[in-house]
S.K.: 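The structure follows.
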Amino acid sequence: MCNLSIVPSVERTCKQLACYVFPQPAGWGFFIWREFSFMPEETGLVIVYTGNGKGKTTAAVGMGIRAVGRGQKVKMIQFIKQPGLLYGEAVALAKCVPEFEVCQVGKGFSMRKGGFSEEDVEAAALGMQIAEQSMNGEYDLVILDELNVAVAKGLVDVDRVLDMLKKRCARVNVVITGRYAPEVLLSVADTVSEIQDVKHHYRAGVKSRAGVDV
Ligand code: ATP
Ligand code: MG
């Protein structure tokens with residue numbers, strides 16, 4: 001259920017105000033109108049980054065950073081990806097950006113080689129549980145990284161995803177990433193970007209690089 005307490009929205013508003021260290025180009029009147037005319041009923045958006053080109057996860061992280069810069073709180077749940085492995089974005093955020101929380105709930109990409117184990121299913125179920133809880137209004141933006149892959153592989157039921165989006169606190173923005181986004185998700189999303197694979201260094205024999213790929 002949506003967190004109805006007024007405290008989070010007051011806190012968020014104060015943080016947003018604190019972000020304004022630079023003079024407003026169009027004057028303070030415009031600033032006040034822009035910031036407060038739609039609050040607090042503003043409806044959250046569902047944004048999907050899919051396609052087989054490179055840039056989906058990094059686009060989601062970029063949006064998360066943007067949200068933090070506007071005084072918002074972000075939670076990113078990484079499906080498929082394994083806790084303990086060094087994902088550059090997760091390491092950097094844990095070190096420097098406390099308002100941007102990241103957790104991995106997967107068992108790695110091993111299932112690409114074949115079916116998946118009970119462990120993969122349990123991990124994805126835990127991810128969904130965390131995702132559902134994270135949408136109660138505590139976070140302004142919830143990123144579900146690689147969720148599309150988890151759905152495509154049969155680890156997560158797409159109806160559960162749709163149900164979660166429907167029941168979430170209405171003002172929460174959600175970003176869902178990963179190849180193979182299901183049609184039904186594309187139809188309920190507000191924004192869909194399909195990143196096309198035109199060229200990838202991997203095919204020229206360049207292996208996964210720290211800081212570029214992980
Ligand atoms: P990134 O994490 O760099 O934003 P992504 O999220 O779009 O990429 P995924 O589909 O999640 O990419 O794949 C994860 C890994 O596979 C990344 O290391 C990425 O560099 C690599 N990758 C992405 N696209 C391709 C591709 N077309 N061919 C080979 N490897 C790719
Ligand atoms: Mg990705």
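Bear in mind that the values here come from a model prediction, so they are computed numbers and not experimental data. Order of appearance sets the numbers: ligands from 1, and atoms from 1 within every ligand. Each residue takes its place number in the sequence, starting with 1.
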S.K.: Have a look at Q104 and tell me which of Q78, E146, Q82 forms a side-chain hydrogen bond (donor to acceptor under 3.5 Å, both in side chains) with it.
M.R.: Q78
S.K.: At a 4.0 Å cut-off, with the gap strictly under it, does some heavy atom of G55 reach an atom of ligand 1?
M.R.: yes
S.K.: Kindly determine whether N148 and I176 satisfy side-chain contact (heavy atoms from CB on, under 4.5 Å), including the steps that lead there.
M.R.: CA-CA 7 Å; N148 292 334; I176 300 178; 3.3 Å; yes
S.K.: Please indicate whether R66 has more than 12 foreign heavy atoms, meaning atoms of other residues, nucleotides or ligands, lying under 6.0 Å from its CZ.
M.R.: no
S.K.: Is the number of heavy atoms from other residues, nucleotides or ligands under 6.0 Å of R209 CZ greater than 12?
M.R.: no
S.K.: Would you check whether V214 has a nitrogen or oxygen atom less than 3.5 angstrom from a nitrogen or oxygen atom of ligand 1?
M.R.: no
S.K.: Assess the residue pair E101 and Y139 against the criterion (side chain to side chain donor-acceptor pair (under 3.5 Å)); give the C-alpha distance rounded to whole Å, side-chain angles, the decisive distance to 0.1 Å, and a yes or no.
M.R.: CA-CA 10 Å; E101 296 171 21; Y139 301 94; 2.6 Å; yes
S.K.: Is D213 touching ligand 1 with its side chain, its backbone, both, or neither, if touching means heavy atoms under 4.0 Å apart?
M.R.: both
S.K.: Which ligand 1 atoms does Y202 reach within 4.0 Å, using its non-hydrogen atoms?
M.R.: 29 (C)
S.K.: Using a 4.0 Å cutoff against the non-hydrogen atoms of D197, which atoms of ligand 1 qualify?
M.R.: 27 (N)
S.K.: Report the C-alpha distance between D197 and R203 in whole Å, list the side-chain angles of each, state the deciding distance to 0.1 Å, and finish with yes or no for side-chain contact (heavy atoms from CB on, under 4.5 Å).
M.R.: CA-CA 11 Å; D197 175 22; R203 288 197 291 285; 2.9 Å; yes
S.K.: State, to 0.1 Å, how close N136 and C169 come at their nearest heavy-atom pair, and which atoms those are.
M.R.: C-CB, 3.7 Å
S.K.: Within T177, is some N, O or S atom less than 2.8 Å away from the Mg ion (ligand 2)?
M.R.: no
S.K.: What residue among L162, D163, V156, V161 forms side-chain contact (heavy atoms from CB on, under 4.5 Å) with D159?
M.R.: L162
S.K.: Judged on heavy-atom distance to atom 16 (O) of ligand 1, which of K54, K56, R179 sits nearest?
M.R.: R179
S.K.: Less than 3.5 Å between some nitrogen or oxygen of G53 and one of ligand 1, yes or no?
M.R.: yes
S.K.: Could you confirm whether E146 has any N/O/S atom lying under 2.8 Å from the Mg ion (ligand 2)?
M.R.: yes
S.K.: Once you restrict to heavy atoms under 4.0 Å, what part of N52 touches ligand 1? Side chain, backbone, both or neither.
M.R.: backbone
S.K.: Is there at least one pair of N or O atoms, one from T57 and one from ligand 1, spaced under 3.5 Å apart?
M.R.: yes
